[in-house]
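Note sheet for the following structure.
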Amino acid sequence: MKSRIPVVLLACGSFNPITNMHLRLFEVARDHLHQTGMYQVIGGIISPVNDGYRKQDLVAAHHRVAMARLALQTSDWVQVDPWESEQVQWMETVKVLRHHHSELLRSLPQTEGQDHGRARSVAPTAVPELKLLCGADVLKTFQTPNLWKDAHIQEIVEKFGVVCVSRTGHNPKEYISGSPILRRYQHNIHLVREPVQNELSSTYIRRALSQGHSVKYLLPDAVISYIKDHNLYTRDSSWKGSSTQRNEGKTD
Amino acid sequence: MENSEKTEVVLLACGSFNPITNMHLRLFELAKDYMNETGKYRVIKGIISPVGDAYKKKGLISAHHRVIMAELATKNSEWVEVDTWESLQKEWVETAKVLRHHQEKLEAGSCDHQQDSPMPGKPGQKRKWVEQRQDFSQKKLLEPKPKDVPKVKLLCGADLLESFAVPNLWKSEDITQIVEDYGLICITRAGNDAQKFIYESDALWKHRNNIHLVNEWITNDISSTKIRRALRRGQSIRYLVPDLVQEYIEKHDLYSCESEEKNVGVILAPLQRQVADANS
(Lines give C-alpha, C1' and ligand atoms only; values in the text may rest on other atoms or scores of the structure.)
Protein backbone atom coordinates (compact mmCIF):
# COMPACT_ATOMS: atom_id res chain seq x y z
CA MET A 1 0.00 0.00 0.00
CA LYS A 2 1.36 3.34 -1.02
CA SER A 3 2.03 5.47 2.02
CA ARG A 4 0.74 8.99 2.23
CA ILE A 5 2.84 12.00 1.36
CA PRO A 6 3.44 14.17 4.41
CA VAL A 7 2.37 17.76 3.87
CA VAL A 8 2.93 21.02 5.70
CA LEU A 9 0.57 23.88 4.89
CA LEU A 10 1.99 27.40 4.78
CA ALA A 11 -0.30 30.42 4.82
CA CYS A 12 1.17 33.81 4.01
CA GLY A 13 -0.79 36.98 4.50
CA SER A 14 -1.27 40.14 6.47
CA PHE A 15 -3.30 38.55 9.27
CA ASN A 16 -4.35 42.01 10.21
CA PRO A 17 -5.85 40.68 12.43
CA ILE A 18 -6.08 36.92 12.29
CA THR A 19 -9.69 35.70 12.24
CA ASN A 20 -11.65 32.46 12.62
CA MET A 21 -11.78 32.35 8.83
CA HIS A 22 -7.98 32.07 8.61
CA LEU A 23 -8.03 29.32 11.19
CA ARG A 24 -10.77 27.52 9.25
CA LEU A 25 -8.59 27.49 6.11
CA PHE A 26 -6.26 25.06 7.79
CA GLU A 27 -9.05 22.81 9.02
CA VAL A 28 -10.84 22.48 5.69
CA ALA A 29 -7.57 22.09 3.80
CA ARG A 30 -6.46 19.29 6.08
CA ASP A 31 -9.78 17.47 5.82
CA HIS A 32 -9.68 17.76 2.04
CA LEU A 33 -6.14 16.46 1.65
CA HIS A 34 -6.80 13.58 4.01
CA GLN A 35 -9.93 12.60 2.15
CA THR A 36 -7.97 12.29 -1.12
CA GLY A 37 -6.19 9.38 0.54
CA MET A 38 -2.85 10.63 -0.80
CA TYR A 39 -1.67 13.01 1.86
CA GLN A 40 -1.03 13.22 5.56
CA VAL A 41 -0.99 16.78 6.85
CA ILE A 42 1.65 16.94 9.55
CA GLY A 43 1.78 20.64 10.30
CA GLY A 44 0.60 24.15 9.53
CA ILE A 45 2.46 27.45 9.51
CA ILE A 46 1.08 30.97 9.62
CA SER A 47 3.59 33.49 8.29
CA PRO A 48 2.50 37.10 8.81
CA VAL A 49 3.86 39.50 6.19
CA ASN A 50 6.71 41.90 6.82
CA ASP A 51 5.86 45.53 7.70
CA GLY A 52 7.78 46.46 4.56
CA TYR A 53 4.77 45.31 2.54
CA ARG A 54 3.30 48.69 3.52
CA LYS A 55 -0.30 47.74 3.06
CA GLN A 56 -2.69 50.36 4.36
CA ASP A 57 -3.71 49.98 8.01
CA LEU A 58 -1.15 47.23 8.57
CA VAL A 59 -0.34 47.19 12.26
CA ALA A 60 3.20 46.41 13.42
CA ALA A 61 4.37 42.87 12.73
CA HIS A 62 5.11 42.09 16.35
CA HIS A 63 1.41 42.67 17.15
CA ARG A 64 0.23 40.55 14.25
CA VAL A 65 2.58 37.75 15.26
CA ALA A 66 1.47 37.99 18.90
CA MET A 67 -2.20 37.83 17.91
CA ALA A 68 -1.62 34.80 15.70
CA ARG A 69 0.23 33.14 18.53
CA LEU A 70 -2.69 33.74 20.89
CA ALA A 71 -5.13 32.44 18.29
CA LEU A 72 -3.10 29.26 17.90
CA GLN A 73 -2.65 28.61 21.61
CA THR A 74 -5.24 25.86 21.48
CA SER A 75 -4.10 24.35 18.19
CA ASP A 76 -2.07 21.19 18.32
CA TRP A 77 -0.78 21.35 14.76
CA VAL A 78 -0.65 24.93 13.47
CA GLN A 79 1.86 27.48 14.63
CA VAL A 80 3.00 30.97 13.76
CA ASP A 81 6.46 31.60 12.32
CA PRO A 82 7.79 35.16 12.56
CA TRP A 83 10.74 34.62 10.21
CA GLU A 84 9.20 36.47 7.26
CA SER A 85 8.11 39.36 9.45
CA GLU A 86 11.57 39.67 11.02
CA GLN A 87 13.49 40.07 7.76
CA VAL A 88 14.95 43.46 6.96
CA GLN A 89 12.57 43.98 4.06
CA TRP A 90 9.51 42.51 2.42
CA MET A 91 10.14 39.35 0.41
CA GLU A 92 8.28 37.46 -2.28
CA THR A 93 6.13 34.53 -1.25
CA VAL A 94 8.25 32.06 -3.20
CA LYS A 95 11.24 32.96 -1.04
CA VAL A 96 9.22 32.30 2.09
CA LEU A 97 8.25 28.91 0.67
CA ARG A 98 11.88 28.13 -0.16
CA HIS A 99 12.99 29.07 3.34
CA HIS A 100 10.41 26.95 5.10
CA HIS A 101 10.98 24.04 2.77
CA SER A 102 14.67 23.97 3.51
CA GLU A 103 13.93 24.25 7.22
CA LEU A 104 11.62 21.27 6.84
CA LEU A 105 14.33 19.23 5.15
CA ARG A 106 16.87 20.19 7.79
CA SER A 107 14.60 18.93 10.52
CA LEU A 108 14.27 15.47 9.01
CA PRO A 109 16.01 12.61 10.83
CA GLN A 110 19.44 12.01 9.26
CA THR A 111 19.67 8.51 7.76
CA GLU A 112 22.99 8.82 5.97
CA GLY A 113 26.13 7.40 7.54
CA GLN A 114 24.24 5.19 9.96
CA ASP A 115 25.09 1.95 8.35
CA HIS A 116 28.84 2.00 7.89
CA GLY A 117 29.89 -0.89 5.82
CA ARG A 118 26.61 -2.70 6.05
CA ALA A 119 25.03 -3.11 2.69
CA ARG A 120 21.40 -2.75 3.48
CA SER A 121 18.73 -0.76 1.80
CA VAL A 122 17.20 1.80 4.06
CA ALA A 123 13.69 2.91 3.20
CA PRO A 124 13.96 6.67 2.64
CA THR A 125 12.00 8.91 4.98
CA ALA A 126 9.19 10.37 2.92
CA VAL A 127 10.13 13.95 2.12
CA PRO A 128 7.39 16.28 3.30
CA GLU A 129 5.86 18.62 0.78
CA LEU A 130 5.29 22.25 1.62
CA LYS A 131 2.15 23.68 0.06
CA LEU A 132 0.89 27.22 -0.09
CA LEU A 133 -2.49 27.51 1.59
CA CYS A 134 -4.67 30.40 0.50
CA GLY A 135 -8.16 31.59 -0.30
CA ALA A 136 -9.48 31.81 -3.85
CA ASP A 137 -9.00 35.57 -3.77
CA VAL A 138 -5.23 35.09 -3.70
CA LEU A 139 -5.33 32.75 -6.70
CA LYS A 140 -7.13 35.52 -8.54
CA THR A 141 -4.33 37.97 -7.82
CA PHE A 142 -1.97 35.84 -9.93
CA GLN A 143 -3.70 37.53 -12.87
CA THR A 144 -3.02 41.08 -11.71
CA PRO A 145 -0.37 42.58 -13.97
CA ASN A 146 3.01 43.08 -12.32
CA LEU A 147 1.87 41.75 -9.00
CA TRP A 148 3.58 38.37 -9.23
CA LYS A 149 6.58 37.37 -11.32
CA ASP A 150 5.62 34.62 -13.79
CA ALA A 151 8.68 32.62 -12.82
CA HIS A 152 7.56 32.71 -9.20
CA ILE A 153 4.03 31.61 -10.00
CA GLN A 154 5.47 28.70 -11.89
CA GLU A 155 7.82 27.75 -9.11
CA ILE A 156 5.01 27.94 -6.57
CA VAL A 157 2.70 25.62 -8.49
CA GLU A 158 5.39 23.38 -9.91
CA LYS A 159 7.78 22.84 -7.02
CA PHE A 160 5.47 23.37 -4.06
CA GLY A 161 1.78 23.24 -4.85
CA VAL A 162 -1.22 25.25 -3.78
CA VAL A 163 -4.21 24.40 -1.64
CA CYS A 164 -6.88 26.94 -2.47
CA VAL A 165 -10.04 27.29 -0.39
CA SER A 166 -13.16 28.63 -2.05
CA ARG A 167 -14.52 32.01 -1.16
CA THR A 168 -17.85 33.67 -2.02
CA GLY A 169 -17.72 35.53 -5.29
CA HIS A 170 -14.69 33.69 -6.58
CA ASN A 171 -14.43 31.02 -9.21
CA PRO A 172 -10.99 29.43 -8.89
CA LYS A 173 -11.56 27.00 -11.80
CA GLU A 174 -11.96 30.06 -13.98
CA TYR A 175 -8.69 31.55 -12.75
CA ILE A 176 -6.89 28.31 -13.50
CA SER A 177 -8.33 27.88 -16.97
CA GLY A 178 -7.44 31.49 -17.75
CA SER A 179 -3.72 31.02 -17.06
CA PRO A 180 -1.40 28.75 -19.10
CA ILE A 181 0.96 28.26 -16.14
CA LEU A 182 -1.83 27.33 -13.76
CA ARG A 183 -3.41 25.05 -16.35
CA ARG A 184 -0.20 23.13 -16.83
CA TYR A 185 0.20 22.49 -13.12
CA GLN A 186 -3.42 22.21 -12.14
CA HIS A 187 -2.80 18.75 -10.75
CA ASN A 188 -0.78 20.54 -8.11
CA ILE A 189 -3.51 23.02 -7.28
CA HIS A 190 -6.00 21.54 -4.87
CA LEU A 191 -9.35 23.29 -4.89
CA VAL A 192 -11.15 22.93 -1.61
CA ARG A 193 -14.81 23.69 -1.17
CA GLU A 194 -15.70 25.32 2.11
CA PRO A 195 -19.32 24.32 2.69
CA VAL A 196 -19.84 27.03 5.26
CA GLN A 197 -20.01 30.27 3.32
CA ASN A 198 -18.29 32.90 5.30
CA GLU A 199 -17.55 36.42 4.14
CA LEU A 200 -15.65 37.17 7.27
CA SER A 201 -12.49 39.16 6.55
CA SER A 202 -9.93 41.13 8.49
CA THR A 203 -11.20 44.25 6.72
CA TYR A 204 -14.62 43.63 8.19
CA ILE A 205 -13.12 43.15 11.64
CA ARG A 206 -11.11 46.38 11.43
CA ARG A 207 -14.16 48.31 10.28
CA ALA A 208 -16.34 46.87 13.05
CA LEU A 209 -13.73 47.70 15.67
CA SER A 210 -13.31 51.27 14.47
CA GLN A 211 -17.08 51.66 14.73
CA GLY A 212 -17.11 50.31 18.26
CA HIS A 213 -18.99 47.15 17.25
CA SER A 214 -18.59 43.74 18.77
CA VAL A 215 -16.40 41.21 16.98
CA LYS A 216 -16.92 38.44 19.50
CA TYR A 217 -17.16 34.94 18.01
CA LEU A 218 -15.46 36.10 14.78
CA LEU A 219 -12.00 35.68 16.18
CA PRO A 220 -10.65 34.05 19.33
CA ASP A 221 -11.38 35.84 22.63
CA ALA A 222 -7.67 36.00 23.44
CA VAL A 223 -7.05 38.00 20.24
CA ILE A 224 -9.92 40.38 21.02
CA SER A 225 -8.45 41.02 24.48
CA TYR A 226 -5.04 41.68 22.96
CA ILE A 227 -6.53 44.17 20.51
CA LYS A 228 -8.28 45.99 23.34
CA ASP A 229 -5.25 45.96 25.63
CA HIS A 230 -3.03 47.43 22.93
CA ASN A 231 -5.63 49.80 21.54
CA LEU A 232 -5.27 48.46 18.00
CA TYR A 233 -7.69 49.17 15.14
CA THR A 234 -9.47 52.07 16.82
CA ARG A 235 -10.62 54.96 14.66
CA ASP A 236 -7.57 56.99 15.65
CA SER A 237 -4.98 54.30 15.36
CA SER A 238 -5.34 53.35 11.70
CA TRP A 239 -1.97 53.98 10.15
CA LYS A 240 -2.10 55.83 6.91
CA GLY A 241 0.36 53.70 5.03
CA SER A 242 1.04 53.73 1.33
CA SER A 243 -2.17 52.96 -0.47
CA THR A 244 -0.46 51.31 -3.45
CA GLN A 245 0.13 47.62 -3.15
CA ARG A 246 3.75 46.85 -3.81
CA ASN A 247 3.99 43.35 -5.13
CA GLU A 248 1.87 40.23 -4.84
CA GLY A 249 -1.56 39.87 -3.46
CA LYS A 250 -1.77 38.89 0.14
CA THR A 251 -4.60 37.30 2.01
CA ASP A 252 -6.40 39.80 4.27
CA MET B 1 -30.93 60.34 25.88
CA GLU B 2 -30.08 59.64 29.50
CA ASN B 3 -29.53 56.04 30.43
CA SER B 4 -32.48 56.21 32.80
CA GLU B 5 -34.81 57.18 29.96
CA LYS B 6 -33.83 54.27 27.77
CA THR B 7 -35.94 51.14 27.66
CA GLU B 8 -34.04 48.22 29.05
CA VAL B 9 -34.21 45.21 26.79
CA VAL B 10 -33.67 41.51 27.30
CA LEU B 11 -33.04 39.55 24.11
CA LEU B 12 -34.60 36.09 24.08
CA ALA B 13 -33.57 33.56 21.46
CA CYS B 14 -35.64 30.41 21.13
CA GLY B 15 -34.53 27.54 18.94
CA SER B 16 -33.19 24.03 18.75
CA PHE B 17 -29.54 24.97 19.24
CA ASN B 18 -28.73 21.57 17.88
CA PRO B 19 -25.88 22.38 18.34
CA ILE B 20 -25.28 26.02 19.22
CA THR B 21 -22.85 27.69 16.82
CA ASN B 22 -20.81 30.88 16.55
CA MET B 23 -23.55 32.21 14.29
CA HIS B 24 -26.14 31.96 17.08
CA LEU B 25 -23.80 33.80 19.39
CA ARG B 26 -23.21 36.49 16.76
CA LEU B 27 -26.94 37.20 16.59
CA PHE B 28 -26.79 38.48 20.14
CA GLU B 29 -23.80 40.70 19.47
CA LEU B 30 -25.29 42.21 16.33
CA ALA B 31 -28.65 42.80 17.99
CA LYS B 32 -27.10 44.39 21.06
CA ASP B 33 -24.98 46.80 19.04
CA TYR B 34 -27.98 47.72 16.89
CA MET B 35 -30.44 48.28 19.73
CA ASN B 36 -27.95 50.24 21.81
CA GLU B 37 -27.11 52.45 18.85
CA THR B 38 -30.71 53.52 18.34
CA GLY B 39 -30.23 55.52 21.51
CA LYS B 40 -33.62 54.37 22.74
CA TYR B 41 -32.69 51.01 24.21
CA ARG B 42 -30.16 49.49 26.52
CA VAL B 43 -29.67 45.77 26.14
CA ILE B 44 -29.02 44.34 29.58
CA LYS B 45 -29.25 40.61 29.07
CA GLY B 46 -29.42 37.86 26.50
CA ILE B 47 -31.20 34.57 27.07
CA ILE B 48 -30.76 31.38 25.09
CA SER B 49 -33.79 29.12 25.54
CA PRO B 50 -33.25 25.72 23.93
CA VAL B 51 -36.48 24.02 22.86
CA GLY B 52 -37.73 20.96 24.74
CA ASP B 53 -37.38 17.43 23.35
CA ALA B 54 -41.15 17.32 22.93
CA TYR B 55 -40.73 19.56 19.88
CA LYS B 56 -39.93 16.34 17.99
CA LYS B 57 -37.81 17.87 15.29
CA LYS B 58 -35.82 15.44 13.13
CA GLY B 59 -32.32 14.98 14.43
CA LEU B 60 -33.00 16.78 17.71
CA ILE B 61 -30.75 15.30 20.37
CA SER B 62 -31.59 15.41 24.05
CA ALA B 63 -32.14 18.80 25.68
CA HIS B 64 -29.68 17.83 28.40
CA HIS B 65 -26.79 17.97 25.93
CA ARG B 66 -28.07 21.01 24.06
CA VAL B 67 -28.35 22.97 27.28
CA ILE B 68 -24.86 22.02 28.40
CA MET B 69 -23.37 22.99 25.04
CA ALA B 70 -25.14 26.35 25.20
CA GLU B 71 -23.80 26.87 28.70
CA LEU B 72 -20.28 26.02 27.58
CA ALA B 73 -20.69 28.41 24.67
CA THR B 74 -21.75 31.30 26.90
CA LYS B 75 -19.25 30.62 29.65
CA ASN B 76 -17.16 33.57 28.51
CA SER B 77 -20.05 35.90 27.90
CA GLU B 78 -20.74 38.68 30.36
CA TRP B 79 -24.35 39.13 29.39
CA VAL B 80 -25.72 36.10 27.53
CA GLU B 81 -26.89 33.10 29.50
CA VAL B 82 -28.91 29.93 29.12
CA ASP B 83 -32.37 29.37 30.56
CA THR B 84 -33.65 25.83 30.97
CA TRP B 85 -37.29 26.50 31.80
CA GLU B 86 -38.59 25.80 28.30
CA SER B 87 -36.47 22.67 27.86
CA LEU B 88 -37.67 21.24 31.18
CA GLN B 89 -41.37 21.40 30.31
CA LYS B 90 -42.93 18.03 29.53
CA GLU B 91 -44.93 19.36 26.60
CA TRP B 92 -43.73 21.63 23.86
CA VAL B 93 -44.28 25.31 24.73
CA GLU B 94 -45.30 27.95 22.19
CA THR B 95 -42.77 30.74 21.75
CA ALA B 96 -45.33 33.34 22.81
CA LYS B 97 -45.64 31.51 26.13
CA VAL B 98 -41.87 31.45 26.61
CA LEU B 99 -41.78 35.19 26.02
CA ARG B 100 -44.59 35.67 28.51
CA HIS B 101 -42.84 33.49 31.07
CA HIS B 102 -39.68 35.57 30.89
CA GLN B 103 -41.51 38.90 30.87
CA GLU B 104 -43.48 37.90 33.98
CA LYS B 105 -40.28 36.78 35.66
CA LEU B 106 -38.77 40.21 35.02
CA GLU B 107 -41.85 41.94 36.35
CA ALA B 108 -41.82 39.82 39.48
CA GLY B 109 -38.15 40.59 39.95
CA SER B 110 -38.62 44.35 39.64
CA CYS B 111 -41.39 44.43 42.26
CA ASP B 112 -39.04 43.00 44.81
CA HIS B 113 -36.63 45.79 45.69
CA GLN B 114 -34.79 43.75 48.27
CA GLN B 115 -33.70 41.12 45.83
CA ASP B 116 -31.43 38.78 47.77
CA SER B 117 -31.57 35.57 45.85
CA PRO B 118 -30.07 35.88 42.42
CA MET B 119 -31.87 34.26 39.54
CA PRO B 120 -30.59 30.86 38.45
CA GLY B 121 -27.47 31.05 36.41
CA LYS B 122 -23.77 31.49 36.77
CA PRO B 123 -23.06 33.63 39.86
CA GLY B 124 -20.34 35.70 38.22
CA GLN B 125 -22.45 36.68 35.26
CA LYS B 126 -25.67 37.24 37.05
CA ARG B 127 -24.13 39.26 39.82
CA LYS B 128 -23.38 42.04 37.40
CA TRP B 129 -26.94 42.10 36.17
CA VAL B 130 -28.39 41.88 39.67
CA GLU B 131 -26.13 44.75 40.79
CA GLN B 132 -27.48 46.85 37.94
CA ARG B 133 -31.00 45.97 38.91
CA GLN B 134 -30.38 46.79 42.55
CA ASP B 135 -28.95 50.19 41.62
CA PHE B 136 -31.98 50.78 39.53
CA SER B 137 -34.22 49.52 42.31
CA GLN B 138 -32.76 52.19 44.60
CA LYS B 139 -33.93 54.84 42.15
CA LYS B 140 -37.27 53.10 41.86
CA LEU B 141 -37.86 53.45 45.60
CA LEU B 142 -37.88 57.19 45.06
CA GLU B 143 -39.93 57.23 41.86
CA PRO B 144 -41.73 54.00 41.08
CA LYS B 145 -42.44 53.82 37.34
CA PRO B 146 -44.10 50.71 35.90
CA LYS B 147 -42.53 51.38 32.52
CA ASP B 148 -39.07 50.73 33.93
CA VAL B 149 -39.44 46.99 33.84
CA PRO B 150 -37.11 45.63 31.17
CA LYS B 151 -38.81 44.44 28.03
CA VAL B 152 -38.26 40.98 26.59
CA LYS B 153 -37.88 40.87 22.83
CA LEU B 154 -37.59 37.87 20.56
CA LEU B 155 -34.26 37.63 18.78
CA CYS B 156 -34.20 35.60 15.61
CA GLY B 157 -32.94 35.14 12.10
CA ALA B 158 -34.92 35.70 8.92
CA ASP B 159 -35.78 32.01 8.78
CA LEU B 160 -37.93 32.30 11.89
CA LEU B 161 -39.66 35.42 10.61
CA GLU B 162 -40.49 33.72 7.34
CA SER B 163 -41.64 30.59 9.12
CA PHE B 164 -44.66 32.65 10.23
CA ALA B 165 -45.97 31.86 6.75
CA VAL B 166 -45.71 28.07 7.13
CA PRO B 167 -49.27 26.72 7.43
CA ASN B 168 -50.21 25.56 10.91
CA LEU B 169 -46.81 26.20 12.36
CA TRP B 170 -47.81 29.30 14.29
CA LYS B 171 -51.15 30.36 15.72
CA SER B 172 -52.06 33.73 14.26
CA GLU B 173 -52.91 35.05 17.71
CA ASP B 174 -49.43 34.08 18.86
CA ILE B 175 -47.80 35.95 16.00
CA THR B 176 -49.87 39.00 16.86
CA GLN B 177 -49.01 38.71 20.53
CA ILE B 178 -45.31 38.38 19.79
CA VAL B 179 -45.11 41.54 17.69
CA GLU B 180 -47.67 43.53 19.65
CA ASP B 181 -46.76 42.80 23.27
CA TYR B 182 -43.07 41.99 22.93
CA GLY B 183 -41.30 42.82 19.71
CA LEU B 184 -38.99 41.12 17.28
CA ILE B 185 -35.34 41.69 16.45
CA CYS B 186 -34.51 39.90 13.25
CA ILE B 187 -30.97 39.59 11.96
CA THR B 188 -30.95 39.15 8.23
CA ARG B 189 -28.76 39.38 5.17
CA ALA B 190 -31.70 39.85 2.86
CA GLY B 191 -33.22 42.95 4.35
CA ASN B 192 -35.44 43.61 1.33
CA ASP B 193 -37.00 40.14 1.45
CA ALA B 194 -37.72 40.55 5.15
CA GLN B 195 -39.28 43.97 4.62
CA LYS B 196 -41.41 42.58 1.83
CA PHE B 197 -42.52 39.75 4.09
CA ILE B 198 -43.60 42.22 6.76
CA TYR B 199 -45.38 44.35 4.19
CA GLU B 200 -47.38 41.38 2.95
CA SER B 201 -48.66 40.46 6.40
CA ASP B 202 -51.37 42.63 8.00
CA ALA B 203 -50.45 41.53 11.52
CA LEU B 204 -46.77 42.24 11.05
CA TRP B 205 -47.37 45.48 9.17
CA LYS B 206 -49.55 46.81 11.95
CA HIS B 207 -46.76 46.38 14.45
CA ARG B 208 -43.85 47.09 12.15
CA ASN B 209 -42.48 49.61 14.61
CA ASN B 210 -41.92 46.76 16.97
CA ILE B 211 -40.00 44.72 14.41
CA HIS B 212 -36.36 45.64 14.12
CA LEU B 213 -34.52 44.39 11.06
CA VAL B 214 -30.79 44.27 11.59
CA ASN B 215 -28.60 43.91 8.57
CA GLU B 216 -25.87 41.32 8.71
CA TRP B 217 -23.44 42.62 6.14
CA ILE B 218 -21.32 39.51 5.87
CA THR B 219 -22.62 36.01 5.29
CA ASN B 220 -21.99 33.86 8.25
CA ASP B 221 -23.65 30.69 7.17
CA ILE B 222 -22.78 28.46 10.11
CA SER B 223 -26.02 26.54 10.43
CA SER B 224 -26.46 23.68 12.88
CA THR B 225 -27.48 21.49 9.94
CA LYS B 226 -24.09 22.01 8.32
CA ILE B 227 -22.32 21.34 11.57
CA ARG B 228 -24.13 18.02 11.97
CA ARG B 229 -23.41 17.11 8.37
CA ALA B 230 -19.71 17.90 8.76
CA LEU B 231 -19.56 15.75 11.87
CA ARG B 232 -21.19 12.81 10.10
CA ARG B 233 -18.55 13.12 7.40
CA GLY B 234 -15.66 13.27 9.82
CA GLN B 235 -14.93 16.89 8.94
CA SER B 236 -13.62 19.51 11.35
CA ILE B 237 -16.02 21.96 12.98
CA ARG B 238 -13.29 23.92 14.77
CA TYR B 239 -13.74 27.70 14.70
CA LEU B 240 -17.41 27.29 13.70
CA VAL B 241 -18.47 26.56 17.25
CA PRO B 242 -16.75 27.55 20.49
CA ASP B 243 -13.84 25.24 21.36
CA LEU B 244 -15.57 23.94 24.50
CA VAL B 245 -18.62 22.94 22.44
CA GLN B 246 -16.48 21.15 19.87
CA GLU B 247 -14.69 19.24 22.63
CA TYR B 248 -17.96 18.30 24.29
CA ILE B 249 -19.44 17.01 21.03
CA GLU B 250 -16.31 14.96 20.37
CA LYS B 251 -16.16 13.58 23.90
CA HIS B 252 -19.80 12.45 23.84
CA ASP B 253 -19.91 11.53 20.15
CA LEU B 254 -23.18 13.38 19.90
CA TYR B 255 -24.00 13.60 16.23
CA SER B 256 -24.11 10.64 13.91
CA CYS B 257 -26.26 9.10 11.19
CA GLU B 258 -28.30 7.49 13.96
CA SER B 259 -28.93 10.71 15.83
CA GLU B 260 -30.00 12.39 12.60
CA GLU B 261 -32.73 9.77 12.20
CA LYS B 262 -34.36 10.67 15.50
CA ASN B 263 -38.03 11.68 15.17
CA VAL B 264 -38.17 10.63 11.53
CA GLY B 265 -41.83 10.13 10.66
CA VAL B 266 -42.96 11.98 13.78
CA ILE B 267 -45.08 15.07 13.33
CA LEU B 268 -43.57 18.29 14.64
CA ALA B 269 -45.25 19.32 17.91
CA PRO B 270 -46.71 22.67 16.75
CA LEU B 271 -48.27 20.99 13.72
CA GLN B 272 -49.58 18.18 15.88
CA ARG B 273 -51.10 20.70 18.25
CA GLN B 274 -52.87 22.64 15.50
CA VAL B 275 -54.44 19.39 14.33
CA ALA B 276 -55.45 18.49 17.87
CA ASP B 277 -56.92 21.95 18.46
CA ALA B 278 -58.85 21.75 15.22
CA ASN B 279 -60.31 18.39 16.23
CA SER B 280 -61.23 19.36 19.78
Side-chain angles (χ1 to χ4, degrees), chain A residues 18-35 37 41 44 70-78 165-169 192-225 252, chain B residues 11 20-37 39 43 46 48 70 72-80 187 189 214-247 250:
Chain A
I18 192 165
T19 72
N20 282 348
M21 179 210 68
H22 293 126
L23 299 164
R24 271 300 287 165
L25 289 181
F26 285 88
E27 299 293 308
V28 302
R30 179 168 70 161
D31 282 345
H32 175 90
L33 290 179
H34 284 181
Q35 280 167 357
V41 177
L70 286 169
L72 294 168
Q73 256 172 24
T74 56
S75 176
D76 60 359
W77 69 285
V78 185
V165 180
S166 65
R167 205 165 175 181
T168 324
V192 182
R193 245 200 95 243
E194 158 72 287
V196 177
Q197 286 297 18
N198 206 331
E199 286 173 0
L200 175 59
S201 68
S202 298
T203 304
Y204 176 84
I205 301 284
R206 294 195 302 271
R207 192 179 304 134
L209 286 168
S210 75
Q211 292 169 351
H213 290 154
S214 164
V215 293
K216 204 165 157 76
Y217 311 115
L218 299 178
L219 58 175
D221 282 347
V223 181
I224 299 177
S225 300
D252 248 345
Chain B
L11 301 172
I20 190 165
T21 72
N22 283 344
M23 184 205 68
H24 293 127
L25 298 162
R26 276 303 291 163
L27 295 183
F28 283 92
E29 300 294 309
L30 290 163
K32 180 172 171 208
D33 280 344
Y34 176 86
M35 294 298 278
N36 287 349
E37 279 178 2
V43 175
I48 291 175
L72 289 169
T74 51
K75 199 168 162 188
N76 293 330
S77 175
E78 293 172 348
W79 66 287
V80 183
I187 316 291
R189 278 214 71 225
V214 182
N215 230 308
E216 181 187 14
W217 294 109
I218 55 162
T219 334
N220 200 347
D221 191 17
I222 309 175
S223 70
S224 300
T225 305
K226 291 194 172 169
I227 298 292
R228 298 196 304 273
R229 187 180 297 134
L231 288 164
R232 291 196 300 275
R233 297 176 184 183
Q235 292 167 347
S236 167
I237 58 167
R238 277 214 80 184
Y239 311 113
L240 300 178
V241 302
D243 282 350
L244 291 173
V245 175
Q246 185 263 325
E247 283 160 23
E250 197 175 295

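Values in this document were obtained by computation on a predicted structure and should not be read as measured data. These values consider heavy atoms only, across backbone and side chains, with no hydrogens, waters or symmetry-generated copies.
For A:Trp77, the CH2 atom counts as densely surrounded, since its 6.0 Å shell holds more than 12 non-hydrogen atoms of other residues, nucleotides or ligands.
For the options A:Val215, A:Leu23, A:Asp221, heavy-atom pairs under 4.5 Å to chain B are most numerous at A:Leu23. Contact tally against chain B (heavy-atom pairs below 4.5 Å) for A:Leu200, A:Leu218, A:Val28: the top residue is A:Leu218.
In terms of modelled atom types and a separation under 3.5 Å, the side chain of B:Arg238 and the main chain of A:Arg24 share no donor-acceptor contact.
Once rounded to the nearest 0.5 Å, the distance linking CG of A:Asn198 with CG of B:Asp221 reads 8.5 Å. Between atom CD1 of residue A:Ile224 and atom CG of residue B:Asn76 there is a gap of 10.5 Å, rounded to the nearest 0.5 Å. With rounding to the nearest 0.5 Å, the separation of CG in A:Leu25 from OH in B:Tyr239 is 11.0 Å. Atom CH2 of B:Trp217 and atom CZ of A:Arg207 lie 10.0 Å apart (nearest 0.5 Å). Expressed to the nearest 0.5 Å, how far OH of A:Tyr217 lies from CG of B:Asn220 amounts to 13.0 Å. Taking CD1 from B:Ile218 and CD1 from A:Ile205, the interatomic distance works out to 7.0 Å, rounded to the nearest 0.5 Å.
Only the backbone of B:Arg233 comes within less than 4.5 Å of a heavy atom in chain A; its side chain stays farther off. Looking at B:Ile227, there are no atoms closer than 4.5 Å to chain A (heavy atoms on both sides), in backbone or side chain. Within the 4.5 angstrom heavy-atom criterion, no atom of A:Thr19 approaches chain B. At a 4.5 Å heavy-atom cutoff, the contact between A:Asp31 and chain B is made by side-chain atoms alone. Within the 4.5 angstrom heavy-atom criterion, only side-chain atoms of B:Asp33, from C-beta onward, approach chain A.
Here the closest non-hydrogen pair linking B:Glu37 and A:Gln211 is OE2-O, 4.2 Å.
Two residues are said to be in side-chain contact when any heavy atoms from C-beta on lie closer than 4.5 Å; A:Glu199 and B:Arg189 meet this criterion.
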